[in-house]
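Both backbone and side-chain heavy atoms feed into the values below; hydrogens, waters and symmetry mates do not.
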Amino acid sequence: MIEDVLRNLAYLFYPKNIYPWDEKEVYLQTLEYKRLKEIIDSFDSDENPLWCSIASSTYLH
């Protein structure tokens with residue numbers, strides 16, 4: 001069951017039949033890549049609510 005959940009999670013970010021290493025330009029245009037990039041960018045942002053709450057509780061006290 002855990003394997004099925006993890007496999008489905010991976011399919012959210014990696015499209016079938018497109019290999020990012022061999023077909024980079026095609027992969028960069030896929031919905032899966034855009035979804036993954038959006039999530040990574042949100043974690044890398046100062047406006048991330050989770051990061052702001054962690055930073056404020058850690059560094060301001």
Side-chain angles (χ1 to χ4, degrees):
M1 184 171 137
I2 295 289
E3 288 179 16
D4 292 337
V5 170
L6 293 175
R7 186 177 302 114
N8 288 335
L9 181 62
Y11 287 149
L12 290 174
F13 302 111
Y14 296 101
K16 290 184 179 180
N17 300 323
I18 296 177
Y19 300 97
W21 300 272
D22 298 335
E23 303 172 273
K24 183 178 178 179
E25 294 303 319
V26 174
Y27 175 67
L28 293 177
Q29 299 302 319
T30 63
L31 179 61
E32 291 85 357
Y33 170 76
K34 293 175 184 175
R35 188 181 302 141
L36 180 60
K37 182 168 177 16
E38 183 178 314
I39 290 171
I40 291 171
D41 289 345
S42 74
F43 279 102
D44 195 29
S45 169
D46 289 338
E47 287 84 35
N48 182 351
L50 178 61
W51 170 249
C52 291
S53 66
I54 292 171
S56 66
S57 66
T58 304
Y59 298 114
L60 297 178
H61 295 287

Counterpart residues, ring-ring contact (aromatic ring centres under 6.0 Å, His included), relative to Tyr14 (two or more places apart): none
From Glu23 CD over to Asn17 CG, what is the distance, rounded to the nearest 0.5 angstrom? 9.0 Å
Considering only Ile, Leu, Val, Met, Phe, Trp and Tyr, and joining two whenever side-chain heavy atoms are under 4.5 Å apart, list the other residues clustered with Leu6. Ile2
Do Leu28 and Val26 share a hydrophobic cluster, counting only Ile, Leu, Val, Met, Phe, Trp and Tyr and linking them when any side-chain heavy atoms are less than 4.5 Å apart? yes
Can you tell me how far the CD atom of Glu38 sits from the CG atom of Leu31, to the nearest 0.5 Å? 9.5 Å
Rounded to the nearest 0.5 Å, how far does CD1 of Ile40 lie from CG of Leu36? 4.0 Å
Just to verify, what does Lys37 make a side chain to side chain donor-acceptor pair (under 3.5 Å) with, not counting sequence neighbours? Asp41
